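The structure under discussion appears below in the form of structure tokens.
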Amino acid sequence: AFVKAGATADTSTWLRREAAFYSSVTAPFLPCFLGYEDAPDAPLIVLEDLSEAHWPPPWEAGHIERVLATLGEVARTTPPPRLRRLTDTAGEMFNGWRVIAADPEPFLSLGLCSAHWLSSNLPRLLAAEDAARGMVDGDELLHFDVRSDNLCFTADRTLLVDWNHACIGNVLVDVAAWLPSLEFEGGPPPEEVAPAASEFAALITGYFAAQAGLPNIPDAPFVRRVQREQLSTALPWTIRALRLPNPS
């Protein structure tokens with residue numbers, strides 16, 4: 001078995017949320033839920049051991065198609081009762097370019113573009129972000145944290161783990177959020193995998209752009225690095241999708 005324990009107030013909250021999800025949903029794309037103990041200081045969740053599965057990268061032949069098919073299966077699954085809607089947090093999460101407009105220095109410190117490029121193209125980035133934020137609503141079940149470290153492959157199953165961010169919304173948001181990390185790990189450009197997801201390119205990129213240049217998180221020291229990695233492919237994706245000039 002694989003055991004997860006809450007180590008901080010945040011991870012304990014996420015673990016309780018994840019346990020509630022596993023208690024309500026059974027599906028082939030979920031690891032088997034074996035048990036849960038809600039200890040006040042360190043809740044525990046016990047899951048199927050997937051250490052023998054293939055955890056990408058590398059991405060092998062057919063893996064991308066399997067993930068897309070599984071996300072479709074997730075979207076068709078009935079969400080558990082009282083699951084939050086993505087629209088409840090979209091205004092807070094998906095306002096990255098507005099955050100950058102108010103304080104551009106953390107983003108500019110990454111060296112991905114000049115201040116002139118940002119000021120010249122910010123109006124179009126803001127408009128694209130606003131338009132995409134208006135399309136996140138839907139009735140599909142979303143994992144909402146699709147990355148290679150949260151998915152694995154067995155001979156006949158494609159599994160997603162870490163369901164603490166599960167919500168209800170537009171399935172294309174799940175796809176769009178996965179694509180920058182896929183390309184960073186050697187996969188094809190996002191528009192080749194799911195052309196329709198490019199509608200959300202500015203939205204996803206804005207989130208990474210507003211976060212990646214901030215100070216490291218003491219309890220999660222690798223988060224900023226991962227956000228910078230995803231931004232390195234997400235920003236060019238947005239530039240292509242909006243037909244912006246290359247940054248200087």
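Just so it is clear, the structure is predicted and the values come from calculations on it, not from any experiment. In this chain, numbering begins with 1 at the start of the sequence shown.
Of the inter-residue distances, the one linking Leu244 atom CG with Thr238 atom OG1 reads 8.0 Å to the nearest 0.5 angstrom. Separating the CG atom in Leu179 from the CH2 atom in Trp237 is a distance of 5.0 Å, to the nearest 0.5 Å. Here the straight-line distance linking atom CG of Leu112 with atom CG of Leu118 works out to 11.0 Å at 0.5 Å rounding. Distance CG/Asn95 to CG/Leu126: 10.0 Å, rounded to 0.5 Å. Rounding to the nearest 0.5 angstrom, the gap separating the CG atom in Leu122 from the CD1 atom in Ile100 is 7.5 Å. To the nearest 0.5 Å, atoms CG (Leu110) and CD (Glu105) are separated by 11.0 Å.
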Does the side-chain contact (heavy atoms from CB on, under 4.5 Å) test come out yes or no for Leu182 and Val193, once each step is laid out?
CA-CA 10 Å; Leu182 173 65; Val193 179; 4.0 Å; yes
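Inter-residue side-chain proximity for Pro221 and Asn216 is flagged as unmet; no heavy-atom pair is nearer than 4.5 Å. Residues Gln211 and Arg224 are in side-chain contact: their nearest non-hydrogen atoms beyond the backbone lie under 4.5 Å apart. For the pair His165/Cys167, no side-chain contact is recorded, criterion being any heavy-atom separation below 4.5 Å from C-beta on. Residues Leu231 and Arg228 form no side-chain contact, since every pair of their non-hydrogen atoms from C-beta on lies 4.5 Å or further apart.
A search for salt bridge (charged side-chain N to carboxylate O under 4.0 Å, His left out) contacts involving Glu229 returns Arg225, not counting sequence neighbours. In terms of the side-chain contact (heavy atoms from CB on, under 4.5 Å) criterion, residue partners of Asp49 (sequence neighbours excluded) are, by chain and number, Ser51. Considering only residues two or more places apart in sequence or on other chains, Ser232 meets the side-chain hydrogen bond (donor to acceptor under 3.5 Å, both in side chains) condition with none of them. For Asp149, the side-chain hydrogen bond (donor to acceptor under 3.5 Å, both in side chains) test picks out Arg147, with sequence neighbours left out.
The cluster map of Ile, Leu, Val, Met, Phe, Trp and Tyr, joined by side-chain heavy atoms under 4.5 Å apart, puts Ile168 and Trp14 in different clusters. Side-chain heavy atoms closer than 4.5 Å link hydrophobic residues (I, L, V, M, F, W, Y) into clusters, and following such links, even through other members, never connects Trp163 to Val46. Val161 is not connected to Leu141 by any chain of hydrophobic side-chain contacts under 4.5 Å among Ile, Leu, Val, Met, Phe, Trp and Tyr, and they are in different clusters. Note on Val226: it does not cluster hydrophobically with Leu235, by side-chain heavy-atom contacts below 4.5 Å among ILVMFWY residues. Residues Leu50 and Val146 are members of separate hydrophobic clusters, defined by side-chain heavy-atom contacts under 4.5 angstrom among Ile, Leu, Val, Met, Phe, Trp and Tyr.
The list of ring pair (Phe, Tyr, Trp, His ring centres under 6.0 Å) pairs with a residue in residues 90-130, not counting sequence neighbours, reads Trp97-Phe107. Within the structure, the ring pair (Phe, Tyr, Trp, His ring centres under 6.0 Å) test picks out the following pairs touching residues 167-225 (sequence neighbours left out): Trp59-Trp178. Within the structure, salt bridge (Lys or Arg N to Asp or Glu O under 4.0 Å) contacts touching residues 166-179 (residues at least two apart or in different chains) do not occur. Identified under the salt bridge (Lys or Arg N to Asp or Glu O under 4.0 Å) test for residues 26-44, with sequence neighbours left out: Arg16-Asp38. Within the structure, every pair that satisfies the salt bridge (Lys or Arg N to Asp or Glu O under 4.0 Å) test and touches residues 84-102, not counting sequence neighbours, is listed here: Arg85-Asp137, Arg85-Asp139, Arg98-Asp130. Sorted by first and then second residue, the salt bridge (Lys or Arg N to Asp or Glu O under 4.0 Å) pairs involving residues 176-197 (not counting sequence neighbours) are Glu191-Arg240.
The two residues Leu15 and Gly6 come nearest to each other via the heavy atoms CD2-N, 3.4 Å. Across all non-hydrogen atoms, the minimal contact from Ala234 to Thr205 is O-OG1, 3.0 Å. Here the closest non-hydrogen pair linking Pro247 and Ile239 is CD-CD1, 3.5 Å. Minimum interatomic distance between Ser12 and Ala7 (heavy atoms only, all atoms of both residues): OG-N, 4.4 Å.
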Contacts under 3.5 angstrom, residues 64-76 side chains, donor-acceptor by atom type, not counting sequence neighbours:
residue	atom	partner	partner atom	Å
Arg66	NE	Thr158	OG1	3.0
Arg66	NH2	Thr154	O	3.0
Arg66	NH2	Arg157	O	2.7
Arg66	NH2	Thr158	OG1	3.3
Thr70	OG1	Arg66	O	2.9
Arg76	NH1	Gly72	O	3.3

Side chains of residues 21-34: which donor-acceptor partners sit under 3.5 Å, not counting sequence neighbours?
residue	atom	partner	partner atom	Å
Tyr22	OH	Glu18	OE2	3.2
Ser23	OG	Ala19	O	2.8
Ser24	OG	Ala20	O	3.0

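Partner Lys4 forms a side-chain hydrogen bond (donor to acceptor under 3.5 Å, both in side chains) with one of Asn164, Thr11, Asp162 and no other, that one being Asp162.
Relative ring orientation between His63 and Phe153 is described as parallel, the plane-to-plane angle staying below 30° on a 0-90° scale split at 30° and 60°.
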